[in-house]
Amino acid sequence: MRGFTIFLEVLILIGALNWGLIGFFEFNLVGAIFGETLSRIIYALVGLAALYEIIAWKPVHNRLASPAHAR
C-alpha cells in the first residue's frame with residue numbers, strides 16, 4: 001500500500017509542477033512530452049490521485065507517520 005501512496009504522490013507532484021510551468025512560462029511539459037491524447041490520460045490520473053488523497057488524507061497521514069514506516 002505504501003508503494004501505491006508514493007505513486008499517487010508522484011502523480012500529484014507531476015501535476016503541480018506542470019501547472020507551475022504553465023503559470024510561469026506558459027509551457028505544458030506533460031503535453032510536450034506525451035502529446036494531446038496521452039497527456040489527457042495523465043491529467044485524468046493526476047485528478048484521480050488528488051481525489052484519493054483528499055478522501056484518504058487523515059488515514060494516509062497517520063499510516064505514513066506511524067513508527068512502523070519510520071525506517
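- Of all non-hydrogen atoms in G31 and S39, the two that sit nearest each other are CA-CB, 4.0 Å.
- Considering only heavy atoms from C-beta on, Y43 comes within 4.5 Å of N18 through its side chain.
- Connection of W19 to L8 is not established within any shared hydrophobic cluster, with ILVMFWY side chains joined at heavy-atom distances below 4.5 Å, either directly or through further cluster members.
- In this structure, V30 and I14 have side chains that are in contact, with non-hydrogen atoms separated by less than 4.5 Å.
- F34 approaches I42 most closely through the heavy-atom pair CD1-CD1, 3.3 Å.
- Hydrophobic clustering, with ILVMFWY side chains joined whenever heavy atoms are under 4.5 angstrom apart, keeps L17 apart from I41.
- Under a hydrophobic clustering in which Ile, Leu, Val, Met, Phe, Trp and Tyr are joined whenever their side-chain heavy atoms come within less than 4.5 Å, directly or via other members, I33 and V10 fall into the same cluster.
- With hydrophobic clusters built from ILVMFWY side chains whose heavy atoms lie under 4.5 angstrom apart, F27 shares a cluster with L38.
- Distance CG/L45 to CD1/I12: 11.5 Å, rounded to 0.5 Å.
- Aromatic ring centroids of F4 and Y52 lie under 6.0 Å apart.
- Put simply, V46 and I54 are part of two different groups of oily side chains (I, L, V, M, F, W, Y) that touch within less than 4.5 Å, one to the next.
- For the atom pair E53 CD and L48 CG, the distance stands at 12.0 Å (nearest 0.5 Å).
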